[in-house]
Protein chains: 2
Amino acid sequence: MQLPIRLSKDSKTPIYHQIEEQVKALIAGGQLPAGTPLPSIRALSKDLEISVITTRRAYLNLEHGGFIQTSQGKGTFVADVSASIKEEVKVSAVYKAIENSVETALRHDYTLEQIEEVFKEVIAVLKEKGVS
Amino acid sequence: MQLPIRLSKDSKTPIYHQIEEQVKALIAGGQLPAGTPLPSIRALSKDLEISVITTRRAYLNLEHGGFIQTSQGKGTFVADVSASIKEEVKVSAVYKAIENSVETALRHDYTLEQIEEVFKEVIAVLKEKGVS
DNA sequence: TATACTGTTTATATCTATATACACAGTATA
DNA sequence: TATACTGTGTATATAGATATAAACAGTATA
């Protein structure tokens, strides 16, 4: 399984955290049903061109959070996450992201109207690219 | 001068970087005109309850970026940043923030319509709080 | 039972944040 | 004007987080 993960290597947020968030999103969104085998830490680290230890850490944190299960020698698999938790993950992550972006815009002296304008522009550009 | 800076200490982005971004925003937004004395690294570190070295690092990076000027014994002052650069800082920061939030929402399987809904909700909440 | 695949542990380097001690510049005042 | 005092930025040493490479150990299967 090839995970659709995109990393910002020059971002200030740790790589392992970026992986965690995106895997959570895939599980919460239903793209990765319970029991699905995840790529091995080696395969993923090769795919993302990062160290094995970094993917290992991301997987460890995801396991502690109850999102995946790993067993030595076998591999790593998506855990059985309840629908309510999935929904909670989705809603809170999206809300926080958008709230944060609006706060950033306000700090840059943008009015709510101007923010809405930029927002619509971003949407328009994404629609150009054929995003759903 | 008491800088209106808010830190997320549990955030994954380094403190010095949060300070840089917010000071840049204040300069680009015109709240801090050229020549304005910034708080000393000690005063700011005490205000934000962080180490002197961390504020020092933020100021150093801001100086390298041409946003402020520091002279030993005197203090730190806002540099004369051109209007075009100020505008560029504002636009790119806001655009990136909003673009990033939309990408996060898309990763969580949100449609553009749903994203717009959340966005409007965030705006509405902020208006409740009396934000401009 | 080889072999090739898993995850795991150990040791190392770099980045982030801190505490502490130091050197420089301005200002009051004896 | 000498001197002490206050405020400024600067340098060094230390602890923890982040990322890496290399060696170790369990599991499946040809």
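Here is how names work: the chains are called A, B, and so on, in the same order as the sequence lines, proteins then strands, and each is numbered from 1.
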Output all residues satisfying ring-ring contact (aromatic ring centres under 6.0 Å, His included) with B:Y16, sequence neighbours left out; order by chain, then residue number.
none
Is there a side-chain contact between A:R107 and B:E21 in this structure, where contact means two heavy atoms from C-beta onward sitting under 4.5 Å apart?
no
Evaluate the criterion side-chain contact (heavy atoms from CB on, under 4.5 Å) for residue pair A:T55 and A:I15; output intermediate values, then yes/no.
CA-CA 9 Å; A:T55 63; A:I15 296 174; over 6 Å; no
Toward the 5' end of DNA chain C, which comes first, A:K12 or A:V52, by nearest nucleotide?
A:V52
Rounded to the nearest 0.5 Å, how far apart are CD of B:Q31 and NE2 of A:H108?
9.5 Å
Nearest-Å distance, CD1 (A:I41) to C1' (D:dC24)?
13 Å
Atom pair NZ (A:K90) and NZ (A:K24), whose distance is rounded to the nearest 0.5 Å:
15.0 Å
Roughly how far apart are A:Y110 OH and B:I98 CD1, rounded to 0.5 Å?
8.0 Å
To the nearest 0.5 Å, what is the distance between CD1 (A:I5) and CG (A:D47)?
8.0 Å
Among D:dA25, D:dT8, D:dA19, find the nucleotide with the atom closest to the side chain of B:R42.
D:dT8
Can you sort out which residues in residues 19-26 of chain B have a heavy atom within less than 4.0 Å of DNA chain C? Ascending by number, please.
none
Taking the nucleotide of DNA chain D with the nearest heavy atom to each, does A:T13 or B:S71 sit closer to the 5' end?
B:S71
B:Q69 CD to D:dT8 P, in whole Å, measures 18 Å
Not counting sequence neighbours, list each pair that qualifies as a side chain to side chain donor-acceptor pair (under 3.5 Å) and has a residue in residues 60-83 of chain B.
B:E20-B:N61, B:S82-B:S84
Using a heavy-atom distance cut-off of less than 4.0 Å, which residues of residues 53-62 of chain B contact DNA chain D?
B:I53, B:R56
With A:F67, the side-chain contact (heavy atoms from CB on, under 4.5 Å) member among A:V23, A:V78, A:V89
A:V89
If you compare all heavy atoms of A:Q18 against all heavy atoms of A:S11, which two are closest, and at what distance to 0.1 Å?
NE2-CB, 3.7 Å
Using whole Å, report how far OH of A:Y16 lies from P of D:dT20.
13 Å
Any side-chain to backbone donor/acceptor pair from A:S92 onto A:E88? Under 3.5 Å, distance only.
yes
Represent DNA chain D in dot-bracket notation, 5' to 3'. Only Watson-Crick or G-U wobble pairs with both distances under 3.5 Å count; pseudoknot-style crossings use [ ] and interstrand partners use |.
||||||||||||||||||||||||||||||
Is there side-chain contact between B:Y59 and B:S40, with at least one heavy-atom pair below 4.5 Å?
no
Has the side chain of B:T104 got a donor or acceptor atom that lies under 3.5 Å from a matching backbone atom of B:N100?
yes
Under 4.0 Å from a heavy atom of chain A: give me the 5'-most and 3'-most nucleotides of DNA chain C that qualify.
C:dT6 to C:dT9
Pick the nucleotide of DNA chain D nearest each of A:Q72 and B:T76; which residue has the one closer to the 5' end?
B:T76
Can you tell me how far C1' of D:dT18 sits from CG of A:D10, to the nearest Å?
16 Å
